[in-house]
Amino acid sequence: MTSIQTAILTPDTDGLRIAADVLRRGGLVAFPTETVYGLGADARDDAAVASIYAAKGRPSFNPLIVHVRDIDAVSHYCEMTKQAQKLASAFWPGPLTLVLPLKEDVGISKLVTAGLKTLAVRIPDHSVGQGLLAAFEGPIAAPSANPSGRISPTTAAHVVAGLSGKIDAIVDGGACGVGVESTIVDCTQSVPTILRAGGIPAEALAACVG
C-alpha cells in the first residue's frame with residue numbers, strides 16, 4: 001500500500017466536517033467511540049470498505065460492524081427482533097453490537113457483511129462519534145483502528161502508531177472511556193447468543209432478555 005499523509009483533525013465542527021468529506025470521497029477516518037477508536041468508511045462504498053481490510057490487513061471473510069446514529073437508522077437497514085428491541089432499549093446508545101437480519105436492497109456493501117444476510121450494527125455513546133455520524137449522514141463501517149491482531153487503540157496516538165500513512169485522517173477525541181470493544185450479541189435466533197464479550201457484562205444482558 002502506498003503511504004499517504006494522515007491528517008490529525010480536531011473534534012470540533014470544522015474537524016468533523018472535514019472528516020465527513022473524507023468519508024464521502026471514499027477515504028478512511030479513524031474516530032473515537034466510548035469503546036475504542038474505530039476505522040471508518042462509508043458502509044455503502046465497496047472500494048472504501050475494501051480499503052479498511054487492506055489498511056488493517058484483515059481477512060475479508062470477517063464481517064465489519066456498522067455504526068449508525070439512532071434506532072431509526074438501525075430499523076432502516078435491519079429487521080428488529082423482539083429480543084433485539086429489548087436490548088436496544090436497555091443498552092443503546094452504548095457498547096453493544098447486535099447482529100440482525102439485513103433488509104434487502106438497502107445499499108450496504110456486501111464486503112461489510114462478508115456476503116452474509118445479517119448485519120452487525122451499533123449506536124455509539126460518544127459525542128465525537130455521534131458528531132461524525134451526524135455530519136456524514138450515513139452508515140459508517142468501523143472495526144477497531146489497529147492492524148489486525150494488535151491491541152485495540154484507545155487514543156489517537158495508538159492509531160498513529162499502527163496506521164499512520166495507511167489512512168486519510170484521525171479525529172483526535174482523547175482517550176476512550178470504556179477501553180474495550182463492544183459486546184456482540186447475535187439476535188437472529190429466538191435465544192440471543194453472545195459472540196464476543198465486551199463492554200457490557202453477560203449478566204446484564206441475560207437480565208434484560210430473561
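Keep in mind that what you see is a predicted model, and the values were worked out from it rather than measured. All heavy atoms count here, side chains included; hydrogens, waters and symmetry mates do not.
- Placement of Val66 and Leu64 within a single hydrophobic cluster is found when ILVMFWY residues are connected by side-chain heavy-atom separations under 4.5 Å, directly or transitively.
- Using a 4.5 Å heavy-atom threshold, the side chains of Thr35 and Thr154 count as separate.
- Shortest non-hydrogen contact noted between Cys176 and Tyr37 is SG-CD1, 3.5 Å.
- The shortest side-chain heavy-atom distance between Val99 and Thr193 does not fall under the 4.5 Å cut-off.
- Ile65 approaches Thr97 most closely through the heavy-atom pair CD1-OG1, 3.5 Å.
- For the pair Asp172 and Thr10, the minimum side-chain heavy-atom distance is 4.5 Å or more.
- Looking at heavy atoms from C-beta onward, Thr33 lies in side-chain contact with His67 at the 4.5 angstrom threshold.
- Contact record, Lys56 with Leu39: CG-CD2, 3.9 Å, taken as the closest heavy-atom pair.
- Distance CD/Gln130 to CG/Asp125: 8.0 Å, rounded to 0.5 Å.
- Side-chain atoms of Arg150 and Ser144 include no donor-acceptor pair closer than 3.5 Å.
- With rounding to the nearest 0.5 angstrom, the CZ atom of Arg44 is 7.5 Å from the CD1 atom of Ile108.
- The nearest pair of heavy atoms linking Ala145 to Ala30 is CB-CB, 4.0 Å.
- We find the SG-CG distance between Cys78 and Leu98 to be 9.0 Å, quoted to the nearest 0.5 Å.
- No more than 12 heavy atoms of other residues, nucleotides or ligands lie within 6.0 Å of CD1 in Ile151, so this atom counts as exposed by the packing criterion.
- Contact of the Ile170 side chain with the Leu9 side chain is not registered, since no non-hydrogen atoms from C-beta on lie closer than 4.5 Å.
- Checked by atom type, the side-chain pair Thr118/Thr188 shows no donor-acceptor distance below 3.5 Å.
- Taking the side chain as every heavy atom from C-beta outward, Phe136 and Arg24 approach each other to under 4.5 Å.
- Here the closest non-hydrogen pair linking Ile71 and Ala88 is CD1-CB, 4.0 Å.
- Residues Phe91 and Ala204 come closest through the heavy atom pair CZ-O, 3.6 Å.
- Note on Glu181 versus Arg122: no salt bridge recorded, every NZ/NE/NH1/NH2 to OD/OE distance being 4.0 Å or above.
- The CG atom of Leu163 sits 8.0 Å away from atom OG1 of Thr6, with the distance rounded to the nearest 0.5 Å.
- Residue Ile140 is tested with Val68, Leu23, Val29, Asp42 for a side-chain contact (heavy atoms from CB on, under 4.5 Å); the sole match is Leu23.
- There is a side-chain donor-acceptor pair under 3.5 Å between Asp46 and Ser109.
- Here the NZ-CE distance, from Lys103 to Met80, works out to 10.0 Å after rounding to the nearest 0.5 Å.
- Contact annotation: the side chain of Thr183 approaches that of Leu205 to within less than 4.5 Å [non-hydrogen atoms, C-beta and beyond].
- Atom SG of Cys208 and atom CG of Leu96 lie 9.0 Å apart (nearest 0.5 Å).
- Side-chain N or O atoms of Tyr77 include none that pairs as donor or acceptor with a backbone N or O of Gly107 at under 3.5 Å.
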May I have the step-by-step check of side chain to side chain contact (heavy atoms under 4.5 Å, CB included) for Leu100 and Leu119, ending in yes or no? CA-CA 5 Å; Leu100 300 167; Leu119 184 68; 5.8 Å; no
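- The closest side-chain heavy-atom distance from His76 to Asp72 is not below 4.5 Å.
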